[in-house]
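First the structure, in the form of structure tokens, and then the observations on it.
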Amino acid sequence: DIGKVAGVRKRIERGGFKTKREAELAKNKALYELEQNGSYVDESKMSLSDFLDYWFDEYVMLNCSYYTQISRKTTIKFLKEHIGNYSLKALTSIRIQKFINDAYKSDMAYSTLKLRVEVLKNALKYAVYPCEFLKVNAAEHLKLPPKKEEKEKTNIIDLKTFNKIIDSISIRQTKFKIAFLLAFHTGMRLSEVCGLTWDKIDMINKEIKVEHILIYRDKEF
């Protein structure tokens, strides 16, 4: 009995048990969960693939920035291709760990693997609460294998090379020179430099407030 909704009594019923014993075990399990947690969660048979689509529409699109949405869409596509056919209920910790280990053994960048694991953890966390499609998050306590030694280091230009770039910019391209110098001296990202407006620049106190970015979406800035 889940109480009354609009004055009408509501109940959750389950059937289809082969024996009375099976029915009694299911009842006892539901009563135990109700007593311990205040609610009974009937784990969903929804596939991970379908749930990730639901999570993207109901959470990511409403709470994340545009670029994060793009990133999550790419990660979701990968997860669906590899483990999307499992139902949420069948997605156990050992299956997820095997998936992680196989990805680790491939040539996948460690940062990419770490991101995909975090996305899966967050999605399944949402499946537990507030959705209540699952009782526990099977990915919550998974461990990433130790980080591999990077094959190549990121190429960072030195001051001499940077000055060559600055000197090569013609007088007619002053706006590009300013953008380069601004990024160099502040550490601002390209999108932050391009999104900067005059009202965010305090010449007296020599401060810049980074509150906006410029994005390219649907063929428009």
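Just so you know, residue 1 is the first one in the sequence shown, and it goes up from there.
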Kindly check if the number of other-residue, nucleotide or ligand heavy atoms within 6.0 Å of [atom1] ([X]) is above 12?
X	atom1	result
F17	CZ	yes
Y104	OH	yes
Y67	OH	yes
K125	NZ	no

What's the separation between atom [atom1] in [X] and atom [atom2] in [Y], rounded to the nearest 0.5 Å?
X	Y	atom1	atom2	value
S47	I83	OG	CD1	11.5 Å
I166	K177	CD1	NZ	6.5 Å
K114	Y110	NZ	OH	7.0 Å
Y86	L91	OH	CG	8.0 Å
Y126	Y54	OH	OH	5.0 Å
L113	E118	CG	CD	10.5 Å

Mind running side-chain contact (heavy atoms from CB on, under 4.5 Å) on V210 and T186 for me, showing each step along the way? CA-CA 11 Å; V210 181; T186 66; over 6 Å; no
* To do: Determine whether R72 and W55 make a side-chain contact, defined as any pair of heavy atoms from C-beta on separated by less than 4.5 Å.
  => yes
Residue set satisfying ring-ring contact (aromatic ring centres under 6.0 Å, His included) with F184, at least two apart, ordered chain then number -> F162
Do S71 and T74 have side-chain N/O donor and acceptor atoms under 3.5 Å apart? no
### Task
Examine the side chains of Q97 and N101 and answer whether a donor and an acceptor come within less than 3.5 Å of each other.
yes
Would you call K80 and D53 a salt bridge, using N to O less than 4.0 angstrom? yes
Across all chains, not counting sequence neighbours, the salt bridge (Lys or Arg N to Asp or Glu O under 4.0 Å) partners of D102 are K98
Report task. Say whether, by atom type as modelled, one donor and one acceptor occur between the side chain of D50 and the main chain of M46 under 3.5 angstrom. Result -> no
>> Is it the case that the side chain of S93 and the backbone of A138 share a donor-acceptor pair, with hydrogens and angles ignored and the cut-off at 3.5 Å?
In response: yes
Before you tell me yes or no, could you show the steps for L214 and L196 under side-chain contact (heavy atoms from CB on, under 4.5 Å), namely the whole-Å CA-CA distance, both residues' side-chain angles and the distance that decides it to 0.1 Å? CA-CA 8 Å; L214 186 71; L196 188 61; over 6 Å; no
Residue set satisfying side-chain contact (heavy atoms from CB on, under 4.5 Å) with E140, at least two apart, ordered chain then number -> N137
Practice prompt. Please work out which of the three classes, parallel, tilted or perpendicular, describes the rings of H82 and F78, given edges at 30° and 60°.
Written response: tilted
